[in-house]
Structure formats: structure tokens, C-alpha cells
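Note sheet for the following structure.
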2 protein chains.
Amino acid sequence: MATSVRVPLSRERVLTAAVGLADAGGIESLSMRRLGQELGVEAMSLYNHVANKDEILDGIVDIVVGEIEIPSPGDDWKPAMRQRAISARAAFTRHPWATGLMESRINPGPASMRYYDSVLRSLREGGFSIEMAAHAFSVIDSYIYGFILQELSLPFDTGEEAAEVAETIVAQMPVDEYPYLVEMAVEHAMQPGYDYGNEFEFGLDLILDALERMQTDA
Amino acid sequence: MATSVRVPLSRERVLTAAVGLADAGGIESLSMRRLGQELGVEAMSLYNHVANKDEILDGIVDIVVGEIEIPSPGDDWKPAMRQRAISARAAFTRHPWATGLMESRINPGPASMRYYDSVLRSLREGGFSIEMAAHAFSVIDSYIYGFILQELSLPFDTGEEAAEVAETIVAQMPVDEYPYLVEMAVEHAMQPGYDYGNEFEFGLDLILDALERMQTDA
DNA sequence: TAAGGTACATATACACCGTAAGTTTGTCAA
DNA sequence: TTGACAAACTTACGGTGTATATGTACCTTA
């Protein structure tokens, strides 16, 4: 009688729906009840496929990390690092909620492991010693996540928006108390064509060039 | 009869207690009810001094930022940036919960404004153009927050702990699947004397040196 | 001294949250 | 047909932020 084909739930379907929910309404809109609803199921049914909500959070972070393009064997380390940085920023921009989750998530999933391993491989094959590879990994990764974190905490998305927001903020800011902040806002952030996102590649290249110099000098 | 002197609640007392609660039990232990309890008051009484919980979160982030040593007028930009980076890391290490809050907090408080302004002043007085100051600010800040974020997401605190954790992780890791991860763990992180925190100054100096070179070359 | 206003603490209530425990249902093998 | 098992559902508990309404203690002014 019931012609509807029962599509069974699965860990994968749960996680995919969770990513969709977080994308649509932010991480705070991801509750077990809403997630169940999204899947046409009661909240408690989800517990047949994941141990608890923490496991869901770990899982969706790993999904986002899995979207980052990883270096292939044989790639030159410098363009490879450049590319993976840009790809990481793109992934976290698509899923802004994932950035804040990084801090609280302890258990790396398989995609994260593969990601880290391929980055280290790229550096080691590029001639970095173990210690220098650790240095390079740390500084590049810190920069990537830090930049994304800062970018996401800005109260605007586009350059035009930035100018508007800056204008209203400056208007109600005690100018003589924060003169350099005002200067930066008025003479830089409020200028036409400004886009904070453009800063990303400046810092990235500064770091990559410095690492390259350090490597060739040694 | 009642000899107890009534100490009235205030926004400041609320925020201070909130910082204490978050320090003691993490940010998820900070609830309005527990906070009221801490202050000997019902949860709803807090709303006479703060608009809502978000305002508390904004407020305690600003308190943490206020603990960062800021450059004084006249300081050389490079040691000033170095010092404020180290001081920022120390502040966020004392209050780890604040790092994750940075992403979700939009409204900078007075301490944050003063902090940003003094950093910009240091760079501008150090000879950076507005554009270069923006570049430098972005790359240094991104690095600082990114590093802290990474450091906090490590599942260990000390070098010895790191070695232990690495050992158990590697033991259950498919070695041939993540060879470079294993190499890094065994030949670096598990070595005596290892401490991820030492990476901080390497990356910091790499960035500061690169900025200095860029400035003198120009 | 009395009256009125203001500031702030409280009490109650609502809609949500994660999840423990127990019960029912759907599906497939014997 | 029966039995077993997986997976869905139901109910319930103790927590969350906060809207609303209700005291209550103090200060100001007459």
C-alpha cells in the first residue's frame, strides 16, 4: 500500500543535513529536533546513527575540511601552499560556522588527517627538514585560520557595505579618542574599491616568500 | 536588624563574575542562572544591568582584550608589535574561552577600540603608510589569533603530555595512510623537550622581519 | 514626617535545548 | 508463521534565555 520508498537514515545523511542546516541558519540553528525535522524523523532517531551532538559537530567540521583542495604529490611546495590556503579560505567562507567550531573540536576526522598529511608531504618533498616543516606548517595554518576568523568577525561582507558601516561607526565614535582608528576608517576602509579580503594574499605571500628565503639561505 | 551591608549589583560586578565563571568552567558553564547564583541573586536581576546574554559575552571579551599590554607612544614598532603579540597570547591563554568568542562578537568594546588604535598608532609612527599599516595589522593579527586558536585546539598542554597523546594516537593510526603525519609525530612531537608553544615566536619573527625588510626596501 | 517615584530584586511562565529510558514498528531469515 | 533485530517513536527530566508581572527598599520633594 505504502508506495513511498523508505530511504533509511544513515550517518552520512544526518551529517549532510546538519551541514545544510548550519549553512542556512548558522550553527545555533542546528538542534537535534530541527535536524530530525529536516530529515522527517524524530530527534531521538538520530541517536541510532550518531552517539551524540558532539559527534555531529566533529563530523561536519571534517566535511568542511574535506572540501579543501589538497596538494598532490609532486606539486611545488610554494604554489601548493598558496593554493591550499586560498581553497581553505573558500571552504570556510562557504561554511562560516565551521571556523568557530575548530577551537572546540578535538577529534580530527579522516578528511582532516588526509589534509594535514598531504600538507606535510608537500613541505617535506619540497626540501623542508622536519623541524622547518613544522615551523612552516604552524605559521601558514595559523595565518589562514586567523585571517578567516578576523574576516568573519567583520560586520560587513562587501566593500560598499564596509564603507557604509565604517561611516556610521565613525560618526558616533569619539574622534579624538581613537584618531588612528578614524584615520584608517576614513582614508582607507571608506575609500571606493576597498575590500578587506584583498589583504589575504598580501599576508600569505609575505609568509611564503619569507619561508622560501629562509630555505634557500640555509 | 540586618547588619549586612547591601552591595548593589552593577554591570561591572556582573561582567567580572562572568569572567570568573568562564575561567573556572569554560564558556558553556556560563548561564544566567549560574551567574545570578554566583552573585547571590536571581537570574532575572541581571537584566537590570545588562540587556541580554549577548551583551555579557561582548563585555567579557572586551575585558580580556583590555588585559593585553598595548604599545606606548614612542615605542619602536617592531618590539612593540612583538610585545603585544606575546601579551595577547598570554591573555587568551588565561581565558581560553575568549578566543572562540571573537568570531561571534561583532560589537567591539572600549578596550578593543583602544587596543586597535594603539596598534595602528605604533605602526603609523613607525613610518608605515596607511596602506602598509593595514597590511601589517592584518597579517600580524591574523597570525596571533590563528596561532592561539590552533594552540587551544590541541588536546594537550605540555610537551610531556603531547608526547603521550601523540603516542596513543599514532599507535591506533593507519601508519601507511598518513606517513608524514606519523613522521612528524614520532620524530618531532614525541621527542623530549618538544613544546608546540615554541612555534609562536618563530612565526612571529618571520612575519615581523619580513615587514621590516619590506619597509626598508621601499 | 508623609507621599510619590524610581531603581532593582523577585516570581512565574514559556518555548526551546540535549538526551536517558522505555516502547512500538518495520524488515528479513529461518 | 515466527522470531530476532534494527531503527523509529514516545515520554520525561533537568537545563537554557528571557518576557512579563509583581513586590520592595530607598530617595526626593512637599
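- In summary, A:Arg89 and A:Glu151 engage in a salt bridge, as defined by a charged side-chain N under 4.0 Å from a carboxylate O.
- Taken residue by residue, residues 25-41 of chain B places heavy atoms nearer than 4.0 Å to DNA chain D at B:Leu30, B:Ser31, B:Met32, B:Arg33.
- Dashed line: the shortest gap from a side-chain N or O of B:His49 to OP1 or OP2 of C:dA7 is not under 4.0 Å.
- Using a distance-only test at 3.5 Å, with no hydrogens or angles considered, no donor-acceptor pair links the side chain of B:Asp141 to the main chain of B:Ser138.
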Filtered N/O pairs between nucleotides 20-24 of chain C and protein, under 3.5 Å:
none

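- Among all heavy-atom pairs drawn from B:Tyr115 and B:Ser118, the shortest one is O-OG, 3.0 Å.
- For the pair B:Tyr116 and B:Phe137, the minimum side-chain heavy-atom distance is below 4.5 Å.
- The distance from atom CG of A:Leu46 to atom C1' of D:dA6 is 16 Å, rounded to the nearest whole Å.
- Residue B:Ser45 has a polar side-chain atom (N or O) positioned under 4.0 Å from OP1 or OP2 of C:dT10.
- The separation between A:Glu42 atom CD and D:dA12 atom C1' is 14 Å, rounded to whole Å.
- Distances were taken from every side-chain heavy atom of B:Lys53 (C-beta onward) to each of D:dG17, C:dT10, D:dA7; the shortest belongs to D:dG17.
- For the pair B:Arg94 and B:Glu67, the salt-bridge criterion is met [side-chain N within less than 4.0 Å of a carboxylate O].
- A salt bridge between A:Glu55 and A:Arg11 is present, with a side-chain N of the basic residue lying under 4.0 Å from a carboxylate O of the acidic one.
- On a pure distance criterion of 3.5 Å, no polar donor-acceptor pair joins the side chain of A:Asn48 and the base of D:dA6.
- In this structure, A:Arg124 pairs ionically with B:Glu183, as a charged nitrogen and a carboxylate oxygen lie closer than 4.0 Å.
- In this structure, the CG atom of B:Leu9 is 13 Å from the C1' atom of C:dT10, given to the nearest Å.
- Within the 4.5 Å cutoff, the side chain of A:Pro108 has no heavy atoms near those of the A:Asp62 side chain.
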